[in-house]
Amino acid sequence: MTLSIRVIAPDRTVWDANAEEVILPSSTGQLGILTGHIPLLTALDIGVMRVRIDKDWLPIVLLGGFAEIENNNITILVNGAEEASEIDIDIAQDNLQKATTILAEAGTSKQKIEATQNLRKARARVQAATVINN
């Protein structure tokens, strides 16, 4: 038995496939889902979702949202998402360094909040791209 997983962003369906297992970046930590999981609605944080198909793990960057799990169907509504195969590791690492610098130089509370969000996105992209490139 498999899980049916759909990742939907405002502008497109990012991913729609079956898998044996998924690990979600929930707002309270990593959340592992296998077939037969009880119904659940959870908030998602910025981070990397990992999907296991056969023996391979596929990382997908999620930029916050919600996941609903019911009857082996997982519907994930996100603010944005990126498949790791679409991420250039060199650009992602460069953006991570820039985001770190911007956060260190942020002066106002608003600048710090925006810089922190951008840093978290950059970290997730580097993490996902690193998995694909290893």
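With sequence neighbours left out, Thr108 forms a side chain to side chain contact (heavy atoms under 4.5 Å, CB included) with Lys110, Gln111.
Under a hydrophobic-cluster definition in which Ile, Leu, Val, Met, Phe, Trp and Tyr are linked whenever side-chain heavy atoms come within less than 4.5 Å, directly or via other members, Leu119 and Leu44 are assigned to different clusters. When hydrophobic clusters are built by joining Ile, Leu, Val, Met, Phe, Trp and Tyr residues whose side-chain heavy atoms come closer than 4.5 Å, directly or via intermediates, Ile91 is not grouped with Val126. No continuous path of ILVMFWY side-chain contacts below 4.5 Å connects Ile8 to Met49, so the two sit in separate hydrophobic clusters. Val14 is not connected to Leu77 by any chain of hydrophobic side-chain contacts under 4.5 Å among Ile, Leu, Val, Met, Phe, Trp and Tyr, and they are in different clusters.
For Leu63 against Glu82, the heavy-atom pair with the smallest separation is CD1-OE2, 4.4 Å. Here the closest heavy-atom approach between residue Ala81 and residue Leu62 is recorded as CB-CD2, 4.1 Å. Between Ile102 and Ala115, the closest heavy-atom pair is CG2-CB, 4.1 Å. Heavy-atom minimum distance, Asn72 versus Thr2: CB-O, 3.8 Å. Here the closest non-hydrogen pair linking Leu34 and Glu20 is CD2-O, 3.9 Å. When all heavy atoms of Ala99 and Ala122 are compared, the closest pair comes out as CB-CB, 4.3 Å.
Taking the charged nitrogens against the carboxylate oxygens, Asp56 and Arg52 have no contact shorter than 4.0 Å, which rules out a salt bridge.
To the nearest 0.5 Å, the span separating CZ on Phe66 from CD1 on Ile76 amounts to 13.0 Å. Between the OG atom of Ser27 and the CD1 atom of Ile46 there is a distance of 12.0 Å, given to the nearest 0.5 Å. The distance from atom CG of Asp90 to atom CG of Asp94, rounded to the nearest 0.5 Å, is 9.0 Å. The structure places CZ of Arg123 at 14.0 Å from CD of Gln93, a figure rounded to the nearest 0.5 Å. For the atom pair CG of Asn73 and CG of Leu3, the computed distance is 8.5 Å after rounding to the nearest 0.5 Å. Atom CD1 of Ile23 is separated from atom CZ of Arg50 by 6.0 Å, given to the nearest 0.5 angstrom.
The backbone N or O of Trp15 lies less than 3.5 Å from no partner atom in the side chain of Thr13, so there is not a single donor-acceptor pair.
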